[in-house]
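First up is the structure itself, then whatever we jot down about it.
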Amino acid sequence: MKTISIAIDGPSGAGKSTLARSIAAKLGFLYVDTGAIYRTIGYHIFTKDIDPKDETAVTARLPEIHVELTYGEDGLQHMLLNGVDVTKEIRLPEISMYASAVSAHPGVRAFLLEMQRQLARTNSVVMDGRDIGTVVLPDADVKIFLTASPEARARRRMLELEQRGTPEPFEAVLKDIQERDWNDSHRAVAPLRQAEDAILLDTTELTFAESEESLLNIIKEKTK
């Protein structure tokens with residue numbers, strides 16, 4: 001059976017995860033949130049009180065980490081770290097920077113690369129992240145680079161944090177997004193960039209429904 005892989009890349013807060021999860025459900029594909037996988041590694045490093053920028057210390061801990069993706073009764077992806085569900089914990093604001101820092105290390109990326117590719121070999125997937133179309137799935141059937149202005153992304157992120165009961169001021173959220181953008185696009189290994197054959201979709205002025213419709217139209221067109 002031929003599997004179809006859809007790679008969605010883009011900066012932090014562009015709505016990749018929400019949109020990817022939604023279109024995967026509509027297409028009946030497996031949704032893989034690679035950001036959550038990196039957050040799980042970041043969370044482990046955070047709990048061990050290790051500097052996430054210390055590559056030697058971080059990679060030394062990899063053999064003790066076992067990451068699993070499961071799907072709960074809610075249909076959402078749950079992250080298990082050494083058998084413990086850490087889905088909620090990895091979304092704490094301070095884990096964002098840990099995830100960004102650990103994902104810059106070549107050893108961490110190599111550790112997770114095969115796991116992500118195996119999921120795409122055995123399932124039709126919608127996978128989102130920073131380097132899916134450029135590094136993880138360079139032969140993906142459809143590649144989309146999803147973006148929006150930093151201000152629009154900060155507003156969306158603020159709303160998300162409010163709904164979770166962990167509100168942050170707009171200036172702090174915007175600063176966090178701009179720092180994350182800089183880190184992700186300037187790291188030495190697999191920096192955030194648009195693949196040459198990816199279709200750019202800017203959602204700054206689009207509602208969620210309009211963004212979803214645009215994505216589904218691109219996928220339909222490319223997989224005809």
Side-chain angles (χ1 to χ4, degrees), residues 7-20 32-46 50-62 65 67 90-117 127-138 140 143-158 160-161 168-204:
I8 302 179
D9 289 307
S12 179
K16 297 186 302 294
S17 299
T18 321
L19 283 162
V32 182
D33 174 0
T34 62
I37 303 174
Y38 282 104
R39 280 175 175 270
T40 304
I41 304 278
Y43 177 70
H44 183 75
I45 296 306
F46 169 76
I50 293 166
D51 176 359
K53 291 182 176 162
D54 182 341
E55 186 173 355
T56 309
V58 170
T59 46
R61 290 288 184 162
L62 294 177
I65 299 176
V67 180
I90 64 170
R91 295 295 167 190
L92 294 167
E94 58 267 34
I95 303 305
S96 288
M97 279 316 189
Y98 270 79
S100 189
V102 301
S103 69
H105 303 320
V108 174
R109 302 199 79 81
F111 177 70
L112 295 177
L113 189 61
E114 184 48 35
M115 172 187 174
Q116 294 168 61
R117 285 181 175 163
M127 198 178 284
D128 75 276
R130 302 284 191 281
D131 64 343
I132 309 304
T134 52
V135 177
V136 181
L137 302 177
K143 296 182 189 180
I144 296 159
F145 193 84
L146 195 69
T147 191
S149 72
E151 292 73 21
R153 289 186 279 132
R155 281 193 295 275
R156 292 171 192 170
R157 178 87 179 126
M158 244 179 85
E160 198 183 299
L161 291 168
E168 296 262 327
F170 177 76
E171 286 71 24
V173 177
L174 180 61
K175 184 170 176 284
D176 185 49
I177 275 180
Q178 287 167 332
E179 273 180 30
R180 188 96 201 254
D181 283 356
W182 199 93
N183 289 343
D184 289 343
S185 55
H186 286 77
R187 66 183 180 216
V189 181
L192 168 70
R193 65 178 176 81
Q194 183 180 340
E196 284 174 19
D197 51 350
I199 294 166
L200 179 70
L201 178 60
D202 189 320
T203 67
T204 303

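Worth knowing before you read on, the calculation uses all heavy atoms, side chains too, and leaves out hydrogens, waters and symmetry mates.
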**Item:** Residues forming a side-chain contact (heavy atoms from CB on, under 4.5 Å) with Glu179, sequence neighbours excluded
**Value:**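 With sequence neighbours excluded, Glu179 shows a side-chain contact (heavy atoms from CB on, under 4.5 Å) to Met97, Lys175, given in chain and number order.
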
**Prompt:** Looking at residues at least two apart in the chain, or sitting in another chain, which of them share a side-chain contact (heavy atoms from CB on, under 4.5 Å) with Ser100?
**Reply:**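 Residues passing side-chain contact (heavy atoms from CB on, under 4.5 Å) with Ser100: Arg180, Asn183, Asp184.
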
Say you draw a straight line from [atom1] of [X] to [atom2] of [Y]; how long is it, rounded to the nearest 0.5 Å?
| X | Y | atom1 | atom2 | value |
| --- | --- | --- | --- | --- |
| Ile37 | Met127 | CD1 | CE | 7.0 Å |
| Thr59 | His105 | OG1 | NE2 | 7.5 Å |
| Glu168 | Leu174 | CD | CG | 12.5 Å |

Using a 3.5 Å distance criterion without hydrogens, assess whether the side chain of [X] forms a donor-acceptor pair with backbone atoms of [Y].
| X | Y | answer |
| --- | --- | --- |
| Arg117 | Val136 | yes |
| Lys16 | Pro11 | yes |
| Asp9 | Gly133 | yes |

**Prompt:** Considering residues at least two apart in sequence or located in another chain, which fulfil the ring-ring contact (aromatic ring centres under 6.0 Å, His included) criterion with Tyr98?
**Reply:**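 Applying ring-ring contact (aromatic ring centres under 6.0 Å, His included) to Tyr98 gives Phe46.
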
So, for [X] and [Y], which heavy atoms are closest and what is the spacing to 0.1 Å?
| X | Y | answer |
| --- | --- | --- |
| Ala57 | Ile50 | CB-CG2, 3.7 Å |
| Ala7 | Ile132 | CB-CG2, 3.5 Å |
| Glu55 | Gly107 | OE2-N, 4.4 Å |
| Ile45 | Pro52 | CG2-CA, 4.1 Å |
| Ile90 | Tyr43 | CG2-CB, 3.9 Å |
| Thr34 | Gly129 | OG1-CA, 3.3 Å |

Residue pair [X] / [Y], side-chain heavy-atom distance below 4.5 Å:
| X | Y | answer |
| --- | --- | --- |
| Val67 | His44 | no |
| Arg156 | Thr18 | no |
| Ser96 | Arg39 | yes |
| Val108 | Val58 | yes |

All N/O donor-acceptor pairs, side-chain side in residues 188-199, below 3.5 Å, sequence neighbours left out:
residue	atom	partner	partner atom	Å
Gln194	NE2	Ala198	O	3.1
Asp197	OD1	Lys143	NZ	3.2
Asp197	OD2	Lys143	NZ	3.3

**Message:** For Ile41 and Leu112: C-alpha separation, side-chain torsions, deciding distance, then whether side-chain contact (heavy atoms from CB on, under 4.5 Å) applies.
**Reply:** CA-CA 10 Å; Ile41 304 278; Leu112 295 177; 4.0 Å; yes

Residues 146-153 side chain polar contacts: donor-acceptor under 3.5 Å, at least two apart:
residue	atom	partner	partner atom	Å
Ser149	OG	Ala152	N	3.1
Arg153	NE	Ala148	O	2.9
Arg153	NH1	Ser12	O	2.7
Arg153	NH1	Asp181	OD1	3.1
Arg153	NH1	Asp181	OD2	3.3
Arg153	NH2	Asp181	OD2	2.7

**Prompt:** Do Glu160 and Arg157 meet the salt-bridge criterion of a basic N to acidic O distance under 4.0 Å?
**Reply:**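 A salt bridge is present here (some side-chain N lies under 4.0 Å from a carboxylate O).
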
**Request:** May I have all residue pairs that pass ring-ring contact (aromatic ring centres under 6.0 Å, His included) and include part of residues 170-199, sequence neighbours excluded?
**Result:**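 Only Trp182-His186 qualify under ring-ring contact (aromatic ring centres under 6.0 Å, His included).
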
